[in-house]
Protein chains: 2
Amino acid sequence: MPPAPTGRFHRDCQQCELRMRGMFCNLNAETLLNYESIGTQSAYRKGVKLFEEETPCTGVFVLCTGRVKLSCTSREGKTLLLRIAVPGDVLGLGAVISGSRYEVTAETLEPTSLKSIRRDEFLAFLNRYGDASLRSAQALSKEYRSAFFDARRLALSDSAAGRLAGVLLDWGKAASIGKAEMRFAMALTHEELANLIGTSRETVTRVLGRFKKENLIRINGSSVLIVNSSKLEQMAA
Amino acid sequence: MPPAPTGRFHRDCQQCELRMRGMFCNLNAETLLNYESIGTQSAYRKGVKLFEEETPCTGVFVLCTGRVKLSCTSREGKTLLLRIAVPGDVLGLGAVISGSRYEVTAETLEPTSLKSIRRDEFLAFLNRYGDASLRSAQALSKEYRSAFFDARRLALSDSAAGRLAGVLLDWGKAASIGKAEMRFAMALTHEELANLIGTSRETVTRVLGRFKKENLIRINGSSVLIVNSSKLEQMAA
DNA sequence: AGAAATCTGTGATGGAGATCACCAAGTTAG
DNA sequence: CTAACTTGGTGATCTCCATCACAGATTTCT
């Protein structure tokens, strides 16, 4: 069962600033009207698990504010960090559409507000509104692509340094569109970074140190500046 | 551009034995009728590349007969084998829906017949028919899940033996639903298996040898019998 | 059938990185 | 304001497995 929310409020999707970006805000008028009538809006504290891997799927969560960590864990306690969801993302979509259990664990990283829609209610909505189905397909496709590129990175880049270079470049590029320098705020600890690229915490520390010493990157607190992107690109392969 | 087909024929989807299994055969009457009117049916020889990673996406391919290998390769020549597509599968769906380049390479493993549908034609079809959109979302979700589980396996199972145990169990289970013993036909070479689980050919040979010696599996030609599934399950973790 | 190519099996060697064991520096909590 | 965690940094060791190098076995081609 979903955890108890710590608050509740309604927000008009017509006015939502995510209207053009979020998956379920940019729908045609009639669909949007119906979308607003389903599900419930609620708020959660930091550190709450919205759902856990292997548990039966109850529905989807559309993130409005706050960030949510998506990860999964093996029986031995090894963790794979998949991504940090941001406002506009839809969580649990794959499980709902494929009719299976949640495959990941979703945990809030900060106070969060979101809209939760029960499985059957959401599927009925998709059945009735074709444009919403298409949007879901696109959202899934986006998620699929990112999972695919993660798998690709894990499999094809044999060194931990190469994989780390890859994610640094990804973030640098994403944060510096149209800007001169590639700088971004590192939101993860070394431990989380290690879980993301499938290595150990110590290796992340060492490799980052090496990158700094070789003047490929520069780090100030949480701010990371990419100095030599071509060299990183080259080792990311 | 798509390769030239070696043959061409039409097959009535109403009569298709994949009707209930294939993603685009099990549609309602009106949608199915339109589906039949779009795209072209054609045949290919063994060893033909339907499309290659990084190339602009031209459309989707719905596989009717034959098997197709989906893989991708790093600049250094390391290959990741994703899966072997079988009749009923839709290839290139993710690229078409997300409007990006093909992310994998698709190569026929045997003589193959399939239906190809141009990108714009296919998207127009999805836009008009909501049930087809929903099916696409489901197909993508299935692909997404399998990519996810691959990534999970690569990241969370640290030993090559563990990952190999995992895929053997997956195949054994899939092939032995409702049967007493877990037996299946191994369709891949050691090299391909190695590419699938991110290890070297030699390691696959050695680990399979170890599994045989420890009486966990038995191999006769291409037939693999899983003898001690719980032990394998345990090391797959 | 015979040749060419691909696939399988096995030893030896080296290196990347997991793991363990600390310590220092920040952060949170009581 | 300490105490208790969590994070970051670094050395030493040890294990798994990638890689190289062949040799036999099978399949495919002509």
Side-chain angles (χ1 to χ4, degrees), chain A residues 45-47 69 74 76-81 107 109-111 153-166 185-214 217-224 235-237, chain B residues 45-47 69 74 76-81 107 109-111 153-166 185-214 217-224 235-237:
Chain A
R45 286 198 321 280
K46 167 182 175 175
K69 176 158 95 171
S74 72
E76 292 91 39
K78 211 173 166 192
T79 296
L80 171 62
L81 174 61
E107 180 183 350
L109 288 177
E110 36 194 81
R153 202 201 306 280
L154 278 169
L156 295 186
S157 177
D158 32 28
S159 74
R163 297 197 292 276
L164 187 46
M186 168 95 79
L188 304 182
T189 67
H190 290 188
E191 175 98 48
E192 289 170 318
L193 213 39
N195 291 336
L196 186 66
I197 63 174
T199 186
S200 68
R201 193 221 93 218
E202 294 90 325
T203 298
V204 168
T205 301
R206 280 187 251 265
V207 172
L208 280 180
R210 215 189 82 205
F211 284 0
K212 276 191 285 191
K213 206 171 63 189
E214 293 175 0
I217 63 174
R218 216 165 288 162
I219 300 184
N220 260 325
S222 77
S223 165
V224 179
M235 54 190 320
Chain B
R45 288 198 321 278
K46 167 182 176 175
K69 176 158 96 171
S74 73
E76 292 90 39
K78 212 174 166 192
T79 297
L80 171 62
L81 174 62
E107 180 183 349
L109 288 176
E110 38 193 81
R153 202 201 309 278
L154 278 168
L156 295 186
S157 177
D158 32 28
S159 75
R163 297 197 291 276
L164 187 47
M186 168 95 80
L188 304 181
T189 66
H190 290 186
E191 175 99 49
E192 291 171 316
L193 256 177
N195 291 336
L196 187 66
I197 62 173
T199 187
S200 69
R201 195 224 91 216
E202 295 91 325
T203 297
V204 168
T205 302
R206 279 187 250 267
V207 171
L208 280 179
R210 216 188 82 203
F211 284 181
K212 276 192 283 191
K213 207 169 64 186
E214 292 176 1
I217 62 175
R218 218 164 288 165
I219 301 185
N220 261 323
S222 76
S223 164
V224 179
M235 54 191 319

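Chain A is the first sequence line, chain B the second, and so forth, proteins listed ahead of strands; every chain is numbered from 1.
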Regarding B:Ser200, tell me which of base, sugar-phosphate or nothing describes its non-hydrogen contacts under 4.0 Å with the strands shown. base

To the nearest angstrom, the CZ-P distance between A:Arg163 and C:dA16 comes to 14 Å

Check whether A:Lys78 reaches the backbone of B:Ala155 with its side chain - one donor and one acceptor, N or O, closer than 3.5 Å. yes

Contacts to DNA chain D from residues 202-211 of chain B, heavy-atom cutoff under 4.0 Å, which residues? B:Glu202, B:Thr203, B:Arg206

In whole angstrom, give the distance that lies between atom NE2 of B:His190 and atom C1' of C:dT6. 13 Å

Could you work out how much the helix from C:dA1-D:dT30 to C:dG30-D:dC1 bends, comparing the axis of its first five pairs with that of its last five, to 10°? 60°

Side-chain heavy-atom pair A:Leu193, A:Met186 within 4.5 angstrom cut-off: yes

5' precedence on DNA chain C between A:Arg201 and A:Ala161 (nearest-nucleotide basis): A:Ala161

Distance from B:Asp158 atom CG to A:Ser74 atom OG, nearest 0.5 Å? 8.0 Å

List the atom of B:Glu192, the atom of B:Lys69, and the distance in Å for their closest heavy-atom pair. OE2-NZ, 3.3 Å

Atom pair distance, as rounded to whole Å: CD in A:Glu192 and P in D:dT6: 13 Å

dist A:Thr189:OG1 -> A:Arg201:CZ (nearest 0.5 Å) comes out at 9.5 Å

When you measure from the side chain of A:Thr199, which nucleotide among C:dG17, D:dC17, D:dA18 comes out closest? C:dG17

Tell me whether A:Arg210 is salt-bridged to A:Glu214, with the criterion being a basic N under 4.0 Å from an acidic carboxylate O. yes

Return the nearest nucleotide to the side chain of B:Lys212; candidates are C:dG9, C:dA18, D:dG8. C:dG9

How close or far is atom P of D:dT26 from atom CG of B:Asn220, stated in whole angstroms? 13 Å

Please name the residue in the list B:Ile197, B:Leu156, B:Val207 that meets the side-chain contact (heavy atoms from CB on, under 4.5 Å) test with B:Arg163. B:Ile197

What is the distance, to the nearest angstrom, from the CG atom on B:Leu188 to the P atom on C:dT8? 10 Å

Is there a side-chain contact between A:Leu208 and A:Ile217, using heavy atoms and a 4.5 Å cut-off? yes

Write down the atom of A:Leu188, the atom of A:Leu196, and the distance for their closest heavy-atom approach. CD1-CD2, 4.3 Å

Figure out the NZ/P separation between A:Lys213 and D:dG9, and round it to whole Å. 13 Å

By nearest-nucleotide position on DNA chain D, the 5'-leaning member of A:Asp158 and A:Glu191 is A:Glu191

In whole angstroms, the gap separating C1' of C:dA16 from CE of A:Met235 amounts to 13 Å

